[in-house]
Amino acid sequence: MPNSCSIRALWILTNQDTVVFSRRFPVVEKRWRAACERDKSSIVEDDLKYNVVPSLPTDSEIAAAFIDRKQREGSARGFGIRINQSVEGSDSWVDDPITRHIISLCIKKEEEEKNRIVWPLVLHIKGLYCILVLPLVGPDHLKVYTRMRKRSDCGDAVGADENLSPFLLNLPSITGAFMVGHMIGDIITGDVTEPEIVISASPSVGGLLDSLTGSIGISARAKPVAAPVAGSAASGAATSGAMTSDAPKIGLRPLDRDAIRSFISSAMPFGTPLDLNYTNISAVKINGFSSADIPPADQKQPAWKPYLYRGKQRILFTIHETVHVAMYDRDEIPDSKKISGQVNCRAELEGLPDVMFPLIGLDTARVELLSFHPCAQVPEHGNEKQSLMFSPPLGNFVLMRYQAFCGMGPPIKGFYQLSMVSENEGAFLFKLRLMEGYRAPLSMDFCTVTMPFPRRRVLSFDGTPSIGTVAVAEHLVEWKIITTGRGVSGKSVEATFPGTVKFAPWQPQRLPTSGAVLGNMEDEESDAETESTYNMANVEELLMEKMNKDLQAVDLEEPFCWQAYDYAKVSFKIMGGSLSGMSIDPKSVSIFPAVKAPVEFSTQVTSGDYILWNTLGKCPVAATPKA
C-alpha cells in the first residue's frame, strides 16, 4: 500500500467528451508494473470478469470508455446508488455515493474478450471540463474493488468487511489526487486566487512576492498567466519524468495548455506532487533564488516557504464567515442556520519565525468542524482561548477553517410570499427585519434581495418598497435595500415590499436531461387523472398545477434543483465582527524570535445560500434528528 501520493496519469476532457490534454508519468507507471509482477495472483483471478489494464490506455480509449460510462450511469458523475438501471460490474452497482467522485472506466479492445478496468479515477468537474486523475494504488486495492463490483448485496452493511468509502479515504493517494484535480481545474478556468485579506488601506508593501502580484491591497490576485520560463529548462524537466500525448488537441487555448504543462513540470515532475501552491511555483519561476534566500544552518526551511521574505514586516488577519440560512416561516419546518468560516492570514516576516496567538471564542462558537493549515501546531482543544502556533508561509493563506452554529439570530429575518392570481400574474409580499439585536461595531455594508424566475420571462412589475430601489431583468426582480456606502450600524431596519409581477404567456419547453433515463412518469398518467385535476375547488392550485405540468425533469446532477420551487435569495455583507464569536486580539500575538511588526485584524461576514422560501409554495426540506 503506497504511503504517499503518486499519479500515474491524468486526462482533461471537454463537455463534448474529447480529450484535450493528457499526461502520463513513466516513473510511476514503472512502479505500478513492478507491483503487478510481484503480486500477479492478486490481480487476475478466474472468477473476475474485469482485469487490470496492462498499459495505460490511449486518449481515444479513455474518451470512448467515458462516453460509455455516461450512457450507462446516466451522467458524468453517475447515479451513486444502486437503482433498477444499474448493471452488475458498474460503479452504481457498488451502491456508494463516493462512486460519483471516484469512478472506473472499462477499456474495450477488439482483440480481447474481457474488458479491462482503469481504477481509481478521481473525477473533478470544473466549468466545461472534466479532469480525470489516476493515482497509484496497490494491486490488492484493485482486487478489493473488483470484488465489490460483483457482490449481490448493496450498500455499506453494518459490520461488513469491505466498505468502499472508508477503504478509499484511508489512502493518501486518493486525497492527493483530489488536490491535483482541483488545482488543475482552477488553472484551466483561471480561478487561482488567494484568500481575501481585508485591511484599512492598500499601500505598496514591497518584498519579493509583491514583484509577482503588485501591491496586495484588499482583494485577491488576478487570473494566472503562464510564467516566462526558459523553454529548454522546462522541456528538459518534463521529458525526464513524463510524456505528453502526441494526439492532436483542440479546445484549450495554447496559453492554458502551456500553464498546465509548466505547473505539472514544477509541481509534480515525476508524478509525485511536491508543492501544489500555484503562487509559490509562479513566484519561484519568475524570481528564482539568491544567496539571501538560504536560511540559517540551524533552521529547517519548510516546504510551504520555498524562499524568504524581505521587506517591511507586518501580520494581517481576517476572519471571513459565510452565513447559510433557509427560512420557511412555517410552524412545521424549523429554520436552518449555519456558519462556515476561515481565518485568513498574511505574515510578511523576514526569516523563519514562529507566530503564536490565542484564538478567542472557540468554545462559545459551538464549532462542529475544525481544520488547520499544515504549518500550524495545535494543542489539545479545551480552554476558551485556544493558543495556536504556526510557521507562516508566503502570501495569503487560510490558517484555519471551521463550521459553527450562529451564536446570534439571523441578520435578516422575515418572510416572502408569492401567490399566482392568474396564469401570468403573481402577487408577492416581503416583510423583513434587518440587523435586529445587532449592535455597533457590527454594520451592514449592503443588502440585496433577488426573486429569480428561471422559467418565466418578466414583463413588468408594480410595487413600491418601504426602503431601497428595485431593478427588473428578464428572469428576476432585484430589490436593493441597502447600497454600498450607506451602511446600517447600531440600529435595526424594517423593510416591506408588496407588489405584483406580470410574466409572458407560459410556453412549455421539454428539454432532454439525464433524468430521462429514469423514464417520464407524466406519460403514464391516465385521462381520468387529467380530468380530475380540473375539479379542484382551489383556483390557485389549478393554476400552479397547469404551470408545473410541463416542468422538465430535475437533472440528476442537481437532485434538489431550485428551479422547481419559489424562493428569494438574500445577499449582504457585514463588517465589524463575526457572528460566531470568533476573534483575535492583535495585542496577544507573539513572534519568535521577537521582532517589531504591526498586527492588523479585521472581520467580514457575507451571505452564502441565504434563502427565503415562499411561504405559500412548495419547498424542499430535510429531516434532522432531534437533539
Side-chain angles (χ1 to χ4, degrees), residues 1-12 23-25 27-29 31-32 35 76-78 80 91 94 96-105 118-126 129-145 148 156 162-188 191-192 195 242 260 263-264 266-281 302-304 340 342 368-378 390 393 397-403:
M1 173 179 173
N3 54 9
S4 62
C5 175
S6 295
I7 306 300
R8 294 175 58 193
L10 61 88
W11 296 268
I12 301 175
R23 177 60 64 90
R24 295 159 177 82
F25 299 93
V27 172
V28 181
E29 189 63 15
R31 293 168 52 192
W32 164 253
R77 292 233 178 254
D91 287 337
V94 181
D96 192 316
I98 202 172
T99 57
R100 287 173 53 84
H101 306 277
I102 302 174
I103 68 173
S104 65
L105 295 181
V118 179
W119 179 89
L121 283 165
V122 171
L123 170 63
H124 177 55
I125 300 176
K126 189 67 178 284
Y129 299 94
C130 293
I131 298 104
L132 297 175
V133 183
L134 178 62
L136 175 65
V137 296
D140 53 328
H141 299 134
L142 181 60
K143 178 183 176 181
V144 171
Y145 179 70
M148 290 181 183
D156 289 344
E162 296 175 348
N163 293 330
L164 185 59
S165 292
F167 170 70
L168 288 175
L169 296 178
N170 285 331
L171 300 178
S173 57
I174 297 296
T175 305
F178 272 110
M179 296 176 64
V180 171
H182 278 257
M183 193 68 245
I184 291 179
D186 291 343
I187 295 174
I188 293 173
D191 290 340
V192 183
I260 296 172
F263 171 77
I264 291 175
S266 299
M268 40 189 291
F270 298 99
T272 299
L274 304 176
D275 185 0
L276 297 178
N277 189 308
Y278 190 80
T279 302
N280 282 352
I281 293 173
W304 53 81
S340 60
Q342 60 188 46
E368 288 184 308
L369 300 174
L370 199 61
S371 64
F372 297 90
H373 190 277
C375 72
Q377 302 176 33
V378 186
F390 64 99
F397 69 100
V398 180
L399 178 60
M400 184 184 78
R401 301 180 191 270
Y402 59 90
Q403 289 188 7

- Evaluation steps, side-chain contact (heavy atoms from CB on, under 4.5 Å), between K126 and I188: CA-CA 8 Å; K126 189 67 178 284; I188 293 173; over 6 Å; no
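- Under the 4.5 Å side-chain criterion, counting only non-hydrogen atoms from C-beta, W11 is not in contact with C130.
- Here CG of L136 is found 5.0 Å from CZ of R31. Values are rounded to the nearest 0.5 Å.
- The ring of F397 has its center closer than 6.0 angstrom to the ring center of H373.
- Smallest separation of non-hydrogen atoms from G181 and I131: CA-CG2, 4.1 Å.
- Taking CD1 from I102 and CZ from F178, the interatomic distance works out to 4.0 Å, rounded to the nearest 0.5 Å.
- Pairing each heavy atom of A76 with each of L123, the nearest pair is O-CD2, 3.6 Å.
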- Message: Pair Y145, L168 - check side-chain contact (heavy atoms from CB on, under 4.5 Å), show working.
- Response: CA-CA 10 Å; Y145 179 70; L168 288 175; over 6 Å; no
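- Closest approach of C5 to P273, counting heavy atoms only: O-CD, 3.4 Å.
- Of all the heavy atoms in P120 and V137, the pair that sits closest is CD-CG2, 3.6 Å.
- Applying the side-chain hydrogen bond (donor to acceptor under 3.5 Å, both in side chains) criterion to H101, with sequence neighbours excluded, gives R77.
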- Stepwise side-chain contact (heavy atoms from CB on, under 4.5 Å) check, L276 with V180: CA-CA 7 Å; L276 297 178; V180 171; 4.1 Å; yes
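- Taking CH2 of W119 as the reference point, atom CG of L134 lies at 10.5 Å (rounded to 0.5 Å).
- Here the closest heavy-atom approach between residue G271 and residue V28 is recorded as CA-CG2, 3.9 Å.
- In this structure, CD1 in I264 is found 5.0 Å from CZ in R23, a value given to the nearest 0.5 Å.
- For the atom pair CE (M268) and CD1 (I184), the distance works out to 6.0 Å, reported to the nearest 0.5 Å.
- In this structure, CG on L164 lies 5.0 Å from CG on D96, to the nearest 0.5 angstrom.
- The minimum heavy-atom distance linking P269 with L274 is given by the pair CD-CD1, 3.9 Å.
- The main-chain N or O of R100 is never found under 3.5 Å from a side-chain atom of D91 such that the two would form a donor-acceptor pair.
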- Message: side-chain contact (heavy atoms from CB on, under 4.5 Å), that's the test. Do L132 and I103 meet it? Break it down for me.
- Response: CA-CA 9 Å; L132 297 175; I103 68 173; 3.9 Å; yes
